Amino acid sequence: MSEHFDVLIVGAGLSGIGAAHHLIRRCPQKSYAILEGRDAIGGTWDLFRYPGIRSDSDMYTMGYSFRPWTDPKAIADGASILNYVRDTAREAGIDRHIRFNTRVTRANWSSDSATWTVEARREDETVRFTCNFLFMCSGYYRYSAGYLPDFPGAERFMGTIIHPQAWPADLDYAGKRIVVIGSGATAVTLVPELAKTAAHLTMLQRSPTYIVSRPGEDALANWLKRRLPAKLAYFITRWRLVLLGMWFYRLCKKKPEQVKALIAKGVRAELGDAFDVATHFSPRYNPWDQRLCLVPDSDLFKAIKSGRASVVTDTIELFTESGLRLRSGAELDADIIVSATGLVLEVLGGVQISVDGAPMDFSKTLNYRGAMYSSVPNLASAFGYTNASWTLKCDLTCEYVCRLLNRMERRGLRQVMPRNRDPDMGTQPWVDFSSGYFHRSIHLLPKQGSKRPWKLYQNYALDILNLRYGRLDDGVLEFSNPVSAPAERAA
Ligand SMILES: Cc1cc2nc3c(=O)[nH]c(=O)nc-3n(C[C@H](O)[C@H](O)[C@H](O)COP(=O)(O)OP(=O)(O)OC[C@H]3O[C@@H](n4cnc5c(N)ncnc54)[C@H](O)[C@@H]3O)c2cc1C
């Protein structure tokens, strides 16, 4: 026997809890459950436990549209974010709808019954559910392990090698010599925190990242909070920061040289003219070609300036018994090496999805409005922005899914699917980003189209128009009842 729900949400992270909240509010008549592979709410913010874990975007845009972020910190620590997600789930009663330890492995759409049959592993057994709509809020990376390059000689190293995705709770790093490999958000978070008690901390990067310091607390936001009702203060701050972010992103794309110079000037002001900014903080790419790293209250720069941390820009030749040998010939001694080398992307939670028994290859699908996939019925996924906070887009996707469900309910329709009929539609990579983890997996990811509604603009204002107000009957979405024959489908 399988349980049936109108909507099944996969994942109880920031997106899955947000999706349930939108559903309760906008489609109160729909039954739903959340299937979560782990034993906890929070996804990323529960999984990652490395010292200093925090957001690198402000919480006024990373918080939900419906729940003000009231903590004074704008760049918040992982525990506060986790509490925010958990409180949202508890207060709305969403936590009672979550099936924990239920890892979805397969989902098959049946056109005859207009239902998904979803299979999941729970301990040693396979459990089955059916639903009318499948909402994938499963994040974008593999949970079982992060990306660890094949480091030559790693087995010889006598110390400890750690990936931040699996930080040992009992690791004692006080007084130890630590090398953090990487220069992304995780590395720049770890460095100032570990440097507080380590004997010395070296951030070893193959190439630099753009790093910008910003106050950990937003003074204007906190001033507004003291004077206005929480929702109004949140609304104003959120829009101020959204517009500021959009303006800065545009500036980076239009005048990259000007922004490069501005960022370099900021770093020089932090570290002094004697510091080699050109080598260690001047990336080869343009600002926002990869994710820009925010550090709160100059914490990274303060750690470097104090001498507790240093930056080395070089390539690893091999691991030795006592540390690392670099291509320049330099040696770095270490007791602990932290490989902050990133994530392994995973499409739709690693679930094998099929339509009428035919397995779907998502790399051959086109992403529709950043929410659905060509020729895949009754399925949406929450995937956030790469150039702004994740939740801004996920909130809009949830609104869109609710609009769709309500429209179908009103018209008595049971199936909806975007189909590309434009022979001139070009395809492009899903994500216009040169970061290593996207490049490693780009061949597995869905594509975006060259035109609306298949093109992703990574632009919140445009997405509000498209997803909140755009026409549902756009000639691309096919509503059907009864079902169309499987043979008609084409990507
Ligand atoms: C270290 C780190 C810092 C970040 N900082 C920021 C930031 O500052 N700002 C920002 O905008 N973004 C940030 N991100 C991106 C971040 O992942 C998102 O902001 C957000 O937390 C993603 O939420 P999510 O619910 O979509 O996915 P996740 O948090 O990944 O949650 C997905 C959930 O789905 C579950 N799941 C996955 N597959 C299955 C399956 N097959 N069956 C059942 N359950 C499944 C997982 O167990 C998990 O609980 C960061 C990411 C990382 C890794």
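Both ligands and their constituent atoms are indexed starting at 1 by order of listing. When a residue number appears, it is its place in the shown sequence, counting from 1. Keep in mind that what you see is a predicted model, and the values were worked out from it rather than measured.
Remark: side-chain polar atoms of Arg291 are paired, donor with acceptor, to backbone N or O of Thr386 under 3.5 angstrom. For Ser138 (side chain) and Met136 (main-chain N/O), no donor-acceptor pair under 3.5 Å exists by modelled atom type. Distance alone, capped at 3.5 Å, is enough to place a donor-acceptor pair between the Trp69 side chain and the Lys73 backbone.
Heavy atoms of Arg291 found under 4.0 angstrom from ligand 1 belong exclusively to the side chain. Residue Tyr50 touches ligand 1 through its side chain alone, judged by heavy-atom distances below 4.0 Å. Counting heavy atoms closer than 4.0 Å to ligand 1, residue Leu35 contributes backbone atoms (N, CA, C, O) but none from C-beta onward. Contact annotation for Cys394 and ligand 1: no heavy atom of the residue comes within less than 4.0 Å of the ligand. Of all the heavy atoms of Arg103, the ones lying under 4.0 Å from any atom of ligand 1 are found in both the backbone and the side chain. Contacts of Thr102 with ligand 1, taken as heavy-atom pairs under 4.0 Å, involve the backbone alone.
Ionic pairing of Glu3 and Arg99 is present here: one or more N-O contacts between side-chain nitrogen and carboxylate oxygen are shorter than 4.0 angstrom. Contact check on Lys253 versus Asp289 returns a salt bridge, with a Lys/Arg side-chain nitrogen under 4.0 Å from an Asp/Glu carboxylate oxygen. The pair Arg86-Asp46 counts as a salt bridge, with a side-chain nitrogen and a carboxylate oxygen less than 4.0 angstrom apart. A salt bridge is absent between Glu270 and Lys302: the closest approach of a Lys/Arg side-chain nitrogen to an acidic carboxylate oxygen does not fall below 4.0 angstrom.
Of the N or O atoms in Gly349, one or more lie within a sub-3.5 Å distance of an N or O in ligand 1. The distance criterion of under 3.5 Å between nitrogen or oxygen atoms is met by Leu14 with respect to ligand 1. Where the criterion is an N or O separation shorter than 3.5 Å, residue side chain and backbone included, Ala388 fails it with respect to ligand 1.
Considering only non-hydrogen protein atoms, atom 42 (N) of ligand 1 sits nearest to Val104 N, 2.9 Å. In terms of protein heavy-atom proximity, atom 27 (O) of ligand 1 is closest to Gly139 CA, 3.2 Å. The single protein non-hydrogen atom nearest to atom 46 (C) of ligand 1 is Glu36 OE2, 3.5 Å, given as residue, atom name and distance. The shortest contact between atom 43 (C) of ligand 1 and any protein heavy atom is with Gly37 N, 3.2 Å. Shortest contact from atom 2 (C) of ligand 1 to any protein heavy atom: Thr44 CG2, 4.0 Å.
Shown in contact with Ser55 at under 4.0 Å from a heavy atom are these atoms of ligand 1, numbered in order with element: 8 (O). Taking every heavy atom of Val351 and a limit of under 4.0 angstrom, the matching atoms of ligand 1 come to 41 (N). Those atoms of ligand 1 that come under 4.0 Å of a heavy atom in Gly43, given as number and element, are 29 (O), 31 (O), 48 (C), 49 (O). Using a 4.0 Å cut-off to heavy atoms of Arg38, the atoms of ligand 1 that qualify are 47 (O).
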Can Tyr368 and Tyr373 be said to form a ring pair (Phe, Tyr, Trp, His ring centres under 6.0 Å), step by step?
-> CA-CA 5 Å; Tyr368 172 80; Tyr373 300 89; 9.9 Å; no
Does the ring pair (Phe, Tyr, Trp, His ring centres under 6.0 Å) test come out yes or no for Tyr84 and Trp45, once each step is laid out?
-> CA-CA 10 Å; Tyr84 175 81; Trp45 303 101; over 10 Å; no
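The closest approach between Cys137 and ligand 1 falls below 4.0 Å for a heavy atom of the residue. Between Ile17 and ligand 1 there is no heavy-atom distance shorter than 4.0 Å.
The aromatic rings of Phe133 and Phe135 sit perpendicular to each other, their planes meeting at more than 60°, with 30° as the lower class boundary. Taking the six-membered ring where tryptophan is involved, the planes of Phe48 and Tyr50 are perpendicular, since the angle between them exceeds 60° and thus also 30°. Using a 30° and 60° split on the angle between ring planes, His21 and Phe66 fall in the parallel class, below 30°.
Between the side chains of Thr70 and Tyr234, no donor N or O sits under 3.5 Å from an acceptor N or O.
Proximity of Trp390 to Leu392: side-chain heavy atoms (C-beta onward) are nowhere separated by under 4.5 Å.
The nearest non-hydrogen atom to atom 7 (C) of ligand 1, considering only Ile41, Asp56, Val10, comes from Asp56. When Trp390, Phe100, Trp45, Tyr140 are checked for heavy-atom proximity to atom 51 (C) of ligand 1, Tyr140 turns out nearest. Of the listed residues (Ser15, Gly13, Ala12), the one carrying the non-hydrogen atom nearest atom 26 (O) of ligand 1 is Ser15. Selection from Tyr385, Tyr143, Phe48 by nearest heavy atom to atom 28 (P) of ligand 1 gives Tyr143. Evaluated by nearest non-hydrogen atom to atom 32 (C) of ligand 1, the leading choice among Ser57, Gly16, Ser138, Gly11 is Ser138.
Applying the salt bridge (charged side-chain N to carboxylate O under 4.0 Å, His left out) rule to Arg142 yields no partners; only residues at least two apart in sequence or on another chain are considered.
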